[in-house]
Amino acid sequence: MNLKSFILAAGCLGLSAGALAKPVEIEDLAKYPAVSGLSMSMEGDTIVGTVWKPGSNGEDTAIASWDISGVIDTTKPLAPMAITPGNDRMSLVSARALKGGIVQVVGRQAWTGPTVGCLEGRTVGAERTFVNKAYGTDKTLKDFKELFSKPSAKRVNAAMEQCERLQASTSSIRSVLPLDDDHILISRFQDGANRFIRYNIKTEAETVLFRQGDRAPVLLDGRTSEVLATQRAEPDGSGDYDIEYQLLNPASGSLELATGLTSKASNRFSVDVGGVDDATGKYYVITDKFSDKAAVYLYDIRSQEFDSEPLFQVDGFSVTGVILSQRKADFNALVGFSIGGPTARERYYVDPEVGGVYEGLAAAFPSLNVSILGYNEDMSRVLFSTWSSANPSSYYLLVDKSRVAVIGASQPWIDTASLRETEFVKYTARDGLEIPGFLTLPKNWKKEDGPLPAIVLPHGGPWSRDTSAWDSSGWPQFLASRGYAVLQPQYRGSTGFGRKLWLEGDAEWGLKMQDDKDDGAAWLVTEGIAAPDRIAIFGYSYGGFAAMAAVVRPDGPFQCAIAGAGVSNLAKLGNNWSDNRLQRAIQGQTVKGMDPLANADKANIPILVYHGDRDVRVPIFHGKDFYEAVRRKVKAEWVQIADMPHSLPWWPDHHRKSLSAIESFLKNDCGPGGL
């Protein structure tokens, strides 16, 4: 189909306001996506991604490849040239097309055994967790071999060897080195340290470029693999750290301390070295050192100075990165900027060719967001996706800048016409702090219809954020399609909305951070959206902590709480925050406030607690202990989900069990008579 036809067709997709809405079925969210995680090779001849395992009806995954090197018939969906599933022990969960015909595939399997301190969780004893392994193959997806795996050069000890086996999945591609046909740049944990290696994709020969000690490379030259920037944390003797950056000085040819980038770790400035401007030799630095929201500045290592004005900034939101060309013809040229707006995927293109293609695609899909996922040298092949908060991703290929081929939709069985787009909102907390939020409402509801039952849905982290993109958990639309108003508050302590909001959350767990959720509930009532006696709180991970905190806080606005994989014991969390000493020192000291478990005797509303038994990030004792502590005080329900880890991706049965428990609890057990 040509691009003009797509524009005309997209304009005719609107539905009448009277269209009947219906709930998103649990089964619709439980299945794996039909197609997801697509990427295109640098040459533009192959696409790879994840699809359903044939015959599994969404119960298992496989890896697929599409040959796009020849003439493409855009009148029908592109068919994969190869589909390869995993086996009984290992699922294939992601794929990435590299170059030279090489495809990287990642497999994942449940694993029980000692982690010897190398994975999340305990440092001794057996752990129920998951491990990943990277494989290499070609676009036929027939022959697989372990990719980048190499044993230690010498035997250190049994624990270290076990550690390397477990961390095989941590071998990562740092650059595809677009100007080099034979090599890519990888990092791998080996002999007790991360090594940065130039890897020959044809011969598998390796050259170690850098062995990470106290300095970690944060920028490498895509032409030469030379280290351009490093970071290290230097103890200052007071318990704090100086975060130092070294940048390659083109005048001296050596790495030198960038004094303008140095700051105290406790200040938590965001500093990201994003690349080098070839014309001036200055570095692109994305930082919030000079404003509440991050902006892009140019920094000159020779003069040790930032430019006086930012190169790029956006009112109200942070700039999250610079986009540099990976094409041979204009390698490293500035293409555009990424912006952390409501969707967190906004792009501003300064390259006229890429920007022109983007604008054309955006015009073809006026009611959706567009993401360019990859393109070849002459942009005759452009892989892109469309999506919104009410539309899971669909994938397409733009051919010769004029025709569009359909690849597939991730969840085509979901009736998106019954869903309503999420709104970006703001409300004021009781102390005057402005709180951003995301509001998802039932499809056809209007204020004249009267207030709704509502769910306050705080995100995990808490150093994280929500977006107005399609939520991979499915929770906002799952709940809204059942008649609930859903507010996702970006409470103090959230990242992505400026330093002030972020830092205001320090040591306020269960205190002012919790006030922000309560104040969000009050805002829903004031706006005429929610009925004051029909509001619940549901959260996962840190959000589960917030749900537990709501149970023990007096005079709260919630009729019940649902805590998934929630933290209940701040003392134990603080002692085991991370294996990284710097993270413990910086983030660990912010984990203070009201401890739900210590206040379990004050429980006053019903709660559903659910937890996976392969969760090593928030061990299952957090959920069990809190349930046991409150079950004689209030109505409490405990659901243990077999083989479920902390983070996505979850197996279909994990979704079925958790969503069924959530739906039933809200309907039947939330306050008197259900929500």
Side-chain angles (χ1 to χ4, degrees), residues 21-37 49-64 83 85-86 88 90-94 108-110 130 387 389-395 408-419 422 440 455 457 459-460 469-484 486 538-541 543-544 562-565 608-615 623 637-668:
K22 61 181 181 181
V24 178
E25 298 295 336
I26 289 175
E27 194 61 28
D28 289 345
L29 295 174
K31 297 176 183 177
Y32 283 112
V35 57
S36 64
T50 307
V51 298
W52 280 4
K53 178 181 178 180
S56 72
N57 194 31
E59 294 297 302
D60 205 350
T61 58
I63 300 301
I83 298 177
D88 292 341
M90 179 169 286
S91 297
L92 302 182
V93 295
S94 69
R108 176 175 178 260
Q109 71 179 80
F130 284 80
W387 48 273
S389 58
N391 290 268
S393 293
S394 293
Y395 297 89
S410 59
Q411 294 166 287
W413 50 83
I414 291 180
D415 179 13
T416 58
S418 295
L419 306 180
T422 297
T440 308
I455 314 290
L457 180 61
H459 60 73
W470 177 262
D471 194 298
S472 56
S473 71
W475 292 332
Q477 294 292 0
F478 173 78
L479 295 167
S481 71
R482 280 158 174 74
Y484 302 109
V486 182
F538 160 40
Y540 190 88
S541 193
I562 300 174
L608 163 67
V609 183
Y610 73 92
H611 218 116
D613 66 6
R614 285 190 181 272
D615 190 336
E637 183 176 342
W638 166 254
V639 176
Q640 181 168 318
I641 302 180
D643 291 320
M644 181 175 167
H646 189 79
S647 302
L648 294 166
W650 293 327
W651 296 342
D653 207 42
H654 299 155
H655 288 286
R656 290 189 190 101
K657 290 178 178 177
S658 58
L659 292 173
S660 295
I662 291 165
E663 181 180 46
S664 175
F665 186 79
L666 290 173
K667 183 179 180 180
N668 301 309

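Residue numbers count from 1 along this sequence.
In terms of the ring pair (Phe, Tyr, Trp, His ring centres under 6.0 Å) criterion, W470 has no residue partners (sequence neighbours excluded). Under the salt bridge (charged side-chain N to carboxylate O under 4.0 Å, His left out) criterion, D653 pairs with R656, K657, not counting sequence neighbours. Residues passing the ring pair (Phe, Tyr, Trp, His ring centres under 6.0 Å) test with F538 are W475, sequence neighbours excluded. Scored by the salt bridge (charged side-chain N to carboxylate O under 4.0 Å, His left out) test, E25 finds no partners at all (sequence neighbours excluded). Judged as a side-chain contact (heavy atoms from CB on, under 4.5 Å), and not counting sequence neighbours, the contacts of A480 are T440, Q477, V486. W651 pairs by the ring pair (Phe, Tyr, Trp, His ring centres under 6.0 Å) definition with F130, H654, not counting sequence neighbours. Every residue meeting the ring pair (Phe, Tyr, Trp, His ring centres under 6.0 Å) condition with H655, not counting sequence neighbours, appears here in chain and number order: W650. In this view, K31 and E27, W52, N57, W413 satisfy the side-chain contact (heavy atoms from CB on, under 4.5 Å) rule, not counting sequence neighbours. Residues passing the side-chain hydrogen bond (donor to acceptor under 3.5 Å, both in side chains) test with S664 are N668, sequence neighbours excluded. With sequence neighbours left out, R614 forms a salt bridge (charged side-chain N to carboxylate O under 4.0 Å, His left out) with D643. Scanning for salt bridge (charged side-chain N to carboxylate O under 4.0 Å, His left out) contacts around E637 gives an empty result, with sequence neighbours left out. In this structure S394 satisfies the side-chain contact (heavy atoms from CB on, under 4.5 Å) test together with T386, Y396, A409, sequence neighbours excluded.
The closest side-chain heavy-atom distance from P476 to I455 is not below 4.5 Å.
In this structure, the side chain of R482 does not engage the main chain of K667 through any donor-acceptor pair within 3.5 Å.
Contact detail for I414 and P392: the closest heavy-atom pair is CD1-CG, 4.3 Å. Here the closest non-hydrogen pair linking A661 and V639 is CB-CG2, 4.2 Å. In terms of heavy-atom proximity, S56 sits nearest to D60 at OG-O, 3.3 Å. Listed here is the closest heavy atom pair of V93 and T50: O-OG1, 3.3 Å. Between L29 and G474, the shortest heavy-atom contact is CD1-O, 3.9 Å. Across all their heavy atoms, K22 and D415 have their closest contact at CE-OD2, 3.4 Å.
Atom OG1 of residue T61 and atom CD1 of residue I83 lie 12.0 Å apart, to the nearest 0.5 angstrom. The OG1 atom of T416 sits 15.0 Å away from the CH2 atom of W387 when rounded to the nearest 0.5 Å. Here CG of N391 is found 11.0 Å from CD of Q411. Values are rounded to the nearest 0.5 Å. The OH atom of Y540 lies 8.0 Å from the CG atom of L648; values are rounded to the nearest 0.5 Å.
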Exercise for the section: Would you please test F478 and Y484 for side chain to side chain contact (heavy atoms under 4.5 Å, CB included) and show each step? Expected result: CA-CA 9 Å; F478 173 78; Y484 302 109; over 6 Å; no
Practice task
Decide side chain to side chain contact (heavy atoms under 4.5 Å, CB included) for L419 and S481; before the verdict, give the C-alpha distance in whole Å, the side-chain angles of both, and the deciding distance to 0.1 Å.
Solution key: CA-CA 7 Å; L419 306 180; S481 71; 4.2 Å; yes
Exercise for the section: Start with the C-alpha distance between K53 and Y32, add both sets of side-chain angles, then the distance that settles side chain to side chain contact (heavy atoms under 4.5 Å, CB included), and finish with yes or no. Expected result: CA-CA 10 Å; K53 178 181 178 180; Y32 283 112; over 6 Å; no
Problem - Stepwise side chain to side chain contact (heavy atoms under 4.5 Å, CB included) check, T422 with D471 - result: CA-CA 10 Å; T422 297; D471 194 298; over 6 Å; no
